[in-house]
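Single-structure report; data block below.
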Amino acid sequence: MKFFQKLQFNIFFFSILFFSIIINAQNKIKAETFYTHDKYLSSDKMQGRFPGTKGNNDAAAYIAKYFKKYGLKKFNDNYFQSFSLFVKEGLNKVKSDSVKTQNVVGYIEGSDEKLKNEFIVIGAHYDHWGWGGKNSGSKKKDTIAIHNGADDNASGVSALLCIAEELSKAAVKPKRSIIFISFSGEEEGLLGSKYFVAHLPVEKSAVKVMLNMDMVGRLNEEKQIYMGGAGTFPDGVSLMKKLGENSGLNPVIHAGEVGGSDHVSFYKSSISVIGFHTGGHPQYHTPEDDIDLINIKGGALVAKYIYNALFAIADYKQDLYFIKQD
């Protein structure tokens, strides 16, 4: 029995390896495209993308424009999922203590007649700390200046849009359907992802895995992409290691260590997750987190790896189910 189990295991990963070679050959995510999105979203024009501000709404409109361009379908005839959140008094010059913001959501239907009724979610938050200030999450609370958040998290949204573009071009779509989402309100306590999980546009049981990108723009010299939660679905750790081969990256993979970004909202609701990031840095939550410090080629490389992971998980032959981690 052990021999046949091992044989089945080897066949599964050989097929994954063969599949990854194919999709790597097709995957043409460009550093220039990653740069274009990150530069726009982290420009002074966005004024830090704080919820309830014009900059936040403009960023949401930008994301929705590309969702439409790439042919993503709408839920309830709308790319926007609106919700309200409370803001501390005086923060970011917001006049009201309650503001409206929105998640941006779209999907690509799967190609398998049965499996298209199951969904893989891929997301990245687009909000940041605006002008900072004493009541914000800024590391420089005495400095009132635009926090552009080029890494946190214009980089994650850039990767999301690059992946959406590539998937829209794929001759054969993944077997399972893919939900693309960009969250607002992450910095205030994962509010956008909490709202989405509480108001899913599909049955919760149909949502199998959530992939989240938060700060993926500062790939280091060792080319390490960190991820937590890979053990929350069957053979996830082995899959992510296999996809790391010939990727140009050195994946640092944790079965647990789910982390503290939007994927946590899904994990707490017993949905499998992987959270991706390229590590912290001194510019985190400061006005210095700007586009000139982004590793553009590294961001594209990370996006390629996550695209391959998304496609492989969406085409999983075995059942996907939640595995709780300690």
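Bear in mind that the values here come from a model prediction, so they are computed numbers and not experimental data.
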Just by distance, no angles: are the side chains of [X] and [Y] close enough, under 3.5 Å, to form a donor-acceptor pair?
| X | Y | value |
| --- | --- | --- |
| His128 | Glu187 | yes |
| His147 | Ser138 | yes |
| Ser184 | Asp127 | no |
| Asn148 | Asp44 | yes |
| Gln81 | Asn103 | yes |
| Thr286 | Glu288 | yes |
| Lys204 | Ser269 | yes |

In Å and rounded to the nearest 0.5 Å, what is the [atom1] to [atom2] distance from [X] to [Y]?
| X | Y | atom1 | atom2 | answer |
| --- | --- | --- | --- | --- |
| Lys39 | Asp290 | NZ | CG | 12.5 Å |
| Trp131 | Ile144 | CH2 | CD1 | 9.0 Å |
| Leu72 | Ile108 | CG | CD1 | 4.5 Å |
| Ile29 | Leu301 | CD1 | CG | 10.0 Å |
| His199 | Ser82 | NE2 | OG | 12.0 Å |
| Asp262 | Leu191 | CG | CG | 9.0 Å |

Worksheet entry | Distance flag, aromatic centroids of Phe180 and Tyr107, threshold under 6.0 Å | no
Practice prompt. Could you tell me if the ring centre of Phe322 sits under 6.0 Å from that of Tyr267?
Written response: yes
Is there side-chain contact between [X] and [Y], with heavy atoms separated by less than 4.5 Å?
| X | Y | result |
| --- | --- | --- |
| Ile179 | Ile122 | no |
| Met213 | Val302 | no |
| His125 | Ser182 | no |
| Ile63 | Leu161 | yes |
| Ile178 | Leu167 | yes |
| Leu219 | Leu249 | yes |
| Tyr305 | Met227 | yes |

Does atom [atom1] ([X]) have a neighbourhood of more than 12 heavy atoms from anything else shown, all under 6.0 Å?
| X | atom1 | value |
| --- | --- | --- |
| Asn76 | CG | no |
| Lys141 | NZ | yes |
| Glu222 | CD | yes |
| Phe86 | CZ | no |
| Lys74 | NZ | yes |

Worksheet entry | Criterion salt bridge (charged side-chain N to carboxylate O under 4.0 Å, His left out) on Lys28 and Glu166, from CA distance to verdict | CA-CA 7 Å; Lys28 298 179 181 178; Glu166 283 304 298; over 6 Å; no
Examine [X] and [Y] and state if one hydrophobic cluster contains both, with Ile, Leu, Val, Met, Phe, Trp and Tyr joined whenever side-chain heavy atoms are less than 4.5 Å apart.
| X | Y | value |
| --- | --- | --- |
| Ile163 | Tyr316 | yes |
| Val87 | Phe83 | yes |
| Val105 | Phe80 | no |
| Phe183 | Leu190 | yes |
| Ile253 | Phe276 | yes |

Please check if the side chain of [X] supplies one atom and the backbone of [Y] the other of a donor-acceptor pair under 3.5 Å.
| X | Y | result |
| --- | --- | --- |
| Ser42 | Ala150 | no |
| Thr143 | Ala145 | no |
| Gln224 | Val252 | no |
| Asp315 | Lys175 | yes |
| Arg218 | Asn295 | no |
| His285 | Lys139 | no |
| Arg49 | Leu41 | yes |
| Lys223 | Asn220 | no |
| Thr278 | Met215 | yes |
| Tyr307 | Cys162 | no |

Worksheet item: Given Gln102 and Tyr126, is the side-chain hydrogen bond (donor to acceptor under 3.5 Å, both in side chains) satisfied, shown in steps?
Response: CA-CA 10 Å; Gln102 56 281 307; Tyr126 69 92; 3.1 Å; yes
Fill in: Worked check of side-chain hydrogen bond (donor to acceptor under 3.5 Å, both in side chains) between Ser155 and Asp38
CA-CA 6 Å; Ser155 67; Asp38 201 316; 4.9 Å; no
Worksheet entry | salt bridge (charged side-chain N to carboxylate O under 4.0 Å, His left out) assessment of Asp58 paired with Lys54 | CA-CA 6 Å; Asp58 286 349; Lys54 184 178 183 299; 2.7 Å; yes
Item to complete: Assess whether side-chain contact (heavy atoms from CB on, under 4.5 Å) is satisfied between Ile313 and Arg176, documenting all intermediate values.
Response: CA-CA 9 Å; Ile313 293 169; Arg176 292 175 176 84; over 6 Å; no
Worksheet entry | Residue pair Asn56, Thr101: steps toward the side-chain hydrogen bond (donor to acceptor under 3.5 Å, both in side chains) verdict | CA-CA 8 Å; Asn56 182 271; Thr101 187; 2.9 Å; yes
Worksheet item: Where do Tyr62 and His37 land on the ring pair (Phe, Tyr, Trp, His ring centres under 6.0 Å) test, with the steps shown first?
Response: CA-CA 9 Å; Tyr62 179 86; His37 293 313; 5.8 Å; yes
Item to complete: Verify side-chain contact (heavy atoms from CB on, under 4.5 Å) between Tyr70 and Lys169, making sure each step is shown before the conclusion.
Response: CA-CA 8 Å; Tyr70 302 148; Lys169 296 175 182 177; over 6 Å; no
Classify the ring geometry of [X] against [Y]: parallel below 30°, tilted from 30° to 60°, perpendicular beyond 60°.
| X | Y | answer |
| --- | --- | --- |
| Trp129 | Phe50 | tilted |
| Tyr226 | His277 | parallel |
| His281 | Tyr284 | perpendicular |

Practice prompt. Using the side-chain hydrogen bond (donor to acceptor under 3.5 Å, both in side chains) rule, take Gln318 and Asp235 through it: C-alpha gap first, then chi angles, then the decisive distance, then the call.
Written response: CA-CA 10 Å; Gln318 59 180 309; Asp235 299 322; 3.0 Å; yes
